[in-house]
Amino acid sequence: LTNGVYSMGPAGSNTRGLFGGGFQAGPVAATAALQQINYVTMQSLGNSQDFGDLIQGVRYPAGFSSPTRAVFAGGRTNDPAPAANKNVIQYVTIATTGAAQDFGDLTYSGSGGVYAARAVSSSTRGVIGGGVISPNYINHIDYLTISSTGNSQEFGDLNATVTHAATMSNSKRGVFAGGYNPAATNAMSFVTISSAGNSVDFGDTTSAATAPSGMSDSHGGLG
């Protein structure tokens, strides 16, 4: 990456991977949520490159994508103080470089915002679930049509309150696995991305994990 950072939001196409937001632990001057977006070219090796900036720097945003757009939703900022959750949705066109644009806002029942939600997506729709509306862990799910702009809409509820879950998806199903609520959990549930409704129990991970990561080849998932 262009600098040491954590709690970025991930997104990508079959040619590029993008990482947006995050923050650097350390002195007070370095703890503000970052606006930076980095990218890598999947088929090459090497350091990431600068893509542009988010409209608003956020840490712990939910990141997801279609083949053409990367979207970063929600997050938390402490610049200016005090720290606050955000409901902003920002997007970029993956094949280009440049600053993010405003997509709309998360609904999250009219809250001031959410952070550490996680997302799954198909080529047309992004689904954002869980997270923290300070001081509470939540199970709310929102969705949006990635090719459009506008506020997200209510999808349903996760079967457990959770934050920092691992997510993975193919074109039909999205899985939320593990996370924190406020203890490490091994619960897994799934949603059908093209529909709306509450998540359905999938099973359990082999061990509880606080902030796992997930990936998928469209046939199976790893957490």
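Note that the structure is a prediction, hence the values are computed from the model and not measured. All residue numbers refer to positions in the sequence shown, counting from 1.
In summary, the aromatic rings of Y91 and F72 are positioned with their centroids too far apart to meet the 6.0 Å limit.
Put simply, the side chain of R16 gets close to the backbone of I94: a donor and an acceptor are under 3.5 Å apart. Looking at R118, its side chain never comes within 3.5 Å of a backbone N or O of A166 through a donor-acceptor pair. When atom types are taken as modelled, the side chain of Q90 and the backbone of Q56 share a donor-acceptor pair closer than 3.5 angstrom. A donor-acceptor pair under 3.5 Å is absent between the side-chain atoms of T41 and the main chain of Q43, judged by distance alone.
In this structure, the side chains of D53 and I37 stay at 4.5 Å or more apart for every pair of heavy atoms. T163 has its side chain out of reach of N181: every pair of non-hydrogen atoms, C-beta onward, lies at least 4.5 Å apart. The shortest distance between side-chain heavy atoms of R125 and F155 falls below 4.5 Å. Two residues are said to be in side-chain contact when any heavy atoms from C-beta on lie closer than 4.5 Å; T185 and Y180 fail this criterion. For the pair V127 and S121, the minimum side-chain heavy-atom distance is 4.5 Å or more. Residues M42 and N14 are not in side-chain contact: their nearest non-hydrogen atoms beyond the backbone lie 4.5 Å or more apart.
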Exercise for review: Kindly indicate, with the supporting measurements, whether the criterion side chain to side chain donor-acceptor pair (under 3.5 Å) is fulfilled by S13 and T15.
Suggested key: CA-CA 5 Å; S13 66; T15 56; 3.1 Å; yes
Practice item. Let me see the working for R59 and M8 under side chain to side chain contact (heavy atoms under 4.5 Å, CB included), right down to the final yes or no. Key: CA-CA 6 Å; R59 49 184 176 174; M8 304 180 88; over 6 Å; no
Check your understanding: Could you go step by step and tell me if N151 and L106 meet the side chain to side chain contact (heavy atoms under 4.5 Å, CB included) rule?
Key -> CA-CA 6 Å; N151 296 340; L106 292 168; over 6 Å; no
Point to revise | Verdict with reasoning, T205 to N186, per side chain to side chain donor-acceptor pair (under 3.5 Å) | key: CA-CA 5 Å; T205 59; N186 65 349; 5.0 Å; no
Check your understanding: What do the steps show when you test S169 against F64 for side chain to side chain contact (heavy atoms under 4.5 Å, CB included), and what is the final call?
Key -> CA-CA 10 Å; S169 55; F64 56 97; over 6 Å; no
Practice item. Could you check N139 against T161 for side chain to side chain donor-acceptor pair (under 3.5 Å), going step by step and ending with a plain yes or no? Key: CA-CA 4 Å; N139 65 347; T161 56; over 6 Å; no
Exercise for review: Could you check V132 against R76 for side chain to side chain contact (heavy atoms under 4.5 Å, CB included), going step by step and ending with a plain yes or no?
Suggested key: CA-CA 10 Å; V132 177; R76 187 167 175 83; over 6 Å; no
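Of the candidates V162, D201, L158, L158 is the only one forming a side chain to side chain contact (heavy atoms under 4.5 Å, CB included) with S189.
Residues Y39 and V92 share a single hydrophobic cluster, defined by chaining ILVMFWY side chains whose heavy atoms lie under 4.5 Å apart. Under the 4.5 Å side-chain heavy-atom criterion for ILVMFWY residues, a single connected hydrophobic cluster contains both V114 and L144. Residues F176 and Y143 share a hydrophobic cluster, clusters being chains of Ile/Leu/Val/Met/Phe/Trp/Tyr side chains in contact below 4.5 Å.
Relative to the ring axis of F190, R173 places its NZ or CZ within 45° and under 6.0 Å from the centre.
Using bins of under 30°, 30° to 60° and over 60° for the plane-to-plane angle, the ring pair Y115/Y60 lands in the tilted bin. The aromatic rings of F23 and Y6 sit tilted, their planes meeting at an angle between 30° and 60°.
For F202, the CZ atom is loosely surrounded, since the number of other residues' heavy atoms within 6.0 Å does not exceed 12.
Side-chain contact annotation: S48 with N38, donor-acceptor N/O pair under 3.5 Å present.
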